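The structure under discussion appears below in the form of structure tokens.
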Protein chains: 2
Amino acid sequence: MTGLTRRQKKLLDFISAHQERTGMVPTLREIAAYFGFKSKTGAVNHVKLLRQKGVLESQPRRARSLRVVSPLERFRKRTVDIPLLGSIPAGFGEDRVQEARGCVTIDVQSLGIKPSPVAFALEVKGDSMIGKHIAPGDLVVIEPRAEPKTGDVVAALIDGDSTLKTYMTRNGKPYLKAENPCYPDLIPARELVIQGVMVALIRKR
Amino acid sequence: MTGLTRRQKKLLDFISAHQERTGMVPTLREIAAYFGFKSKTGAVNHVKLLRQKGVLESQPRRARSLRVVSPLERFRKRTVDIPLLGSIPAGFGEDRVQEARGCVTIDVQSLGIKPSPVAFALEVKGDSMIGKHIAPGDLVVIEPRAEPKTGDVVAALIDGDSTLKTYMTRNGKPYLKAENPCYPDLIPARELVIQGVMVALIRKR
DNA sequence: GGTCATAGTGTCCGCATGGACACTATACCA
DNA sequence: TGGTATAGTGTCCATGCGGACACTATGACC
């Protein structure tokens, strides 16, 4: 990986950056133009070398077929975009994406599951789930299309607000409970709307 | 978003899938070939419609310039690939990527920072940091190029193994401590190698 | 001084690719 | 019954694009 000259590294960086920015890999001419080459062949030679060194791949005679090969390549999984919602309105429309406040992009491997298109993320407020080590400020990913099982953490609509609770059954009846001794109440689950099951959590810092 | 016919949705899915798989968007002819169209124009028309409906974008006369526009588009940030290491060897080489066990892909927004190229992820073992709500099985992202500050969680090499501790100072001297009453020891920080500062945490399920 | 790898210029070719146009078929809807 | 939107075939064109070839220049190494 360190067998690259400075120039070659610049080229690789440009290709990556261009892909991030525009969603497509640059053509040889675009590369040449960026570096001020008066001839395309400069770029061609660089790409040839980078391909020999194994950090680039391409398919012959196909437009924009370059691919940056990273050592992590073989581990990479599909990524998904999950809307980060500020709050969940009572209505259960499909199109809550409109009200997104942000977007969480993560690979399905780290997420643990492939979420359905209606999955969403929430920021945790309050410490009612601290007993399950879910802290204020954490992002939780909620999957509505999952049947809650005993012990699962679920998001429920309580007093018009989304709240996290643990799902459990007692005497065959479902209840929700907070994971904090300060809130010992058990809430009968059928009195409210369960919005989904927590499938993952992301905490920064 | 629901103004799409089944056929159009299939097309959009194929474009996304092709991009995921090969890293590049399909050409019009590749689309036509996939769906068994005998003429390219079928694909052309579909793409035209999808563009009118705002779910596709493209630049005129440029190869493979299609882009799937999602409602989350405006929120999407750059993503980074972070190697998931099984264990961290004592040696502090730059090239630990080789020993990666997996790869965590996540957007920098959710991660909180843009990690340096030497950042890595670890799976938490044991409950020594449970007081900070870091549980066994969690993935933590470690940034070596960050100066630990008081209260930060750091990864330190203790007895040849990577362990999470809280960084703190007492009488001007740095110490590490576990966040679990069962492990009350304070360890003088200068006796060991601090591998980096925890910047994020990911928990599945 | 000779050899080799990197780094470029300039030019040509062939095909892959996007795009337009004319025409057909099948629904659905008022 | 006719109009409109979707879905598709067949053909032609201009050009974007990858690739090869010949040639030059500049270092580093021995």
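Please read all numbers here as calculations on a predicted model, not as lab measurements. Basis for what follows: all heavy atoms, side chains included, without hydrogens, waters or symmetry-related copies. Per chain, numbering begins at 1; letters A, B, ... match sequence-line order.
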For [X] and [N], give me the distance from atom [atom1] to atom [atom2], rounded to whole Å.
X	N	atom1	atom2	answer
A:Leu4	C:dA5	CG	P	17 Å
A:Leu50	C:dA5	CG	P	16 Å
B:Lys53	D:dA7	NZ	C1'	12 Å
A:Gln52	C:dA7	CD	P	13 Å
B:Leu28	D:dC13	CG	C1'	15 Å
A:His18	D:dC17	NE2	C1'	14 Å
B:Leu49	D:dA5	CG	P	10 Å
A:Gln59	D:dC17	CD	C1'	15 Å

Under 4.0 Å from OP1 or OP2 of [N]: is there any side-chain N or O of [X] that close?
X	N	result
B:Arg7	D:dG8	yes
B:His46	D:dA7	yes
B:Arg64	C:dT17	yes
A:Gln8	C:dA7	yes

Extract from the structure each pairing of a protein N or O with an N or O of nucleotides 9-14 of chain C at less than 3.5 Å, listing the distance.
{"from": "C:dT9", "atom 1": "OP1", "to": "A:Lys38", "atom 2": "N", "distance (Å)": "3.2"}
{"from": "C:dT9", "atom 1": "OP2", "to": "A:Lys38", "atom 2": "N", "distance (Å)": "2.9"}
{"from": "C:dT9", "atom 1": "OP2", "to": "A:Ser39", "atom 2": "N", "distance (Å)": "3.3"}
{"from": "C:dG10", "atom 1": "N7", "to": "A:Ser39", "atom 2": "OG", "distance (Å)": "2.8"}
{"from": "C:dG10", "atom 1": "O6", "to": "A:Thr41", "atom 2": "OG1", "distance (Å)": "2.3"}
{"from": "C:dG14", "atom 1": "N2", "to": "A:Arg61", "atom 2": "NH2", "distance (Å)": "2.8"}

**Report entry** B:Gln8 and B:Lys53 side chains, donor-acceptor separation under 3.5 Å
**Finding:** yes
Query raised in the report: Can A:Ser128 and A:Glu179 be counted as having a side-chain donor-acceptor contact under 3.5 angstrom?
Result: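 There is no such pair between these side chains.
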Within the side chain of [X], is there an N or O that forms a donor-acceptor pair under 3.5 Å with the backbone of [Y]?
X	Y	value
A:Thr22	A:Gln19	no
B:Asp107	A:Thr105	yes
A:Glu143	A:Ser116	yes

Requested in this report: Please determine, for the side chain of A:Lys48, which listed nucleotide (C:dT17, C:dG8, D:dA20) has the closest atom?
Outcome: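 Among the listed nucleotides, the one closest to the side chain of A:Lys48 is D:dA20.
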Requested in this report: Measure from the side-chain heavy atoms of B:Thr27 and tell me the nearest of C:dT17, D:dC17, D:dA20.
Outcome: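 Of the options given, the side chain of B:Thr27 lies nearest C:dT17.
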Query - Greater than 12 external heavy atoms within 6.0 Å of A:Arg21's CZ - result: yes
Query raised in the report: Is the shortest side-chain N to carboxylate O distance from B:Asp138 to A:Arg203 below 4.0 Å?
Result: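 Salt bridge between B:Asp138 and A:Arg203, a charged N being under 4.0 Å from a carboxylate O: no.
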Query raised in the report: Does a salt bridge link A:Glu30 with A:Arg64, judged by any charged N lying under 4.0 Å from a carboxylate O?
Result: yes
Query - Angle of first-five versus last-five pair axes in the helix from C:dG1-D:dC30 to C:dA30-D:dT1, to 10 degrees - result: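 It comes to 30° between the two terminal axes.
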Query raised in the report: Considering the options B:Val25, B:Leu66, B:Val69, which one meets the side-chain contact (heavy atoms from CB on, under 4.5 Å) requirement together with B:Leu56?
Result: B:Leu66
Query - Closest-nucleotide 5' rank along DNA chain D - winner of B:Arg62 and B:Arg6 - result: B:Arg6
Requested in this report: With sequence neighbours left out, write down each residue that passes side chain to side chain contact (heavy atoms under 4.5 Å, CB included) with B:Tyr34, or none if nothing qualifies.
Outcome: B:Phe14
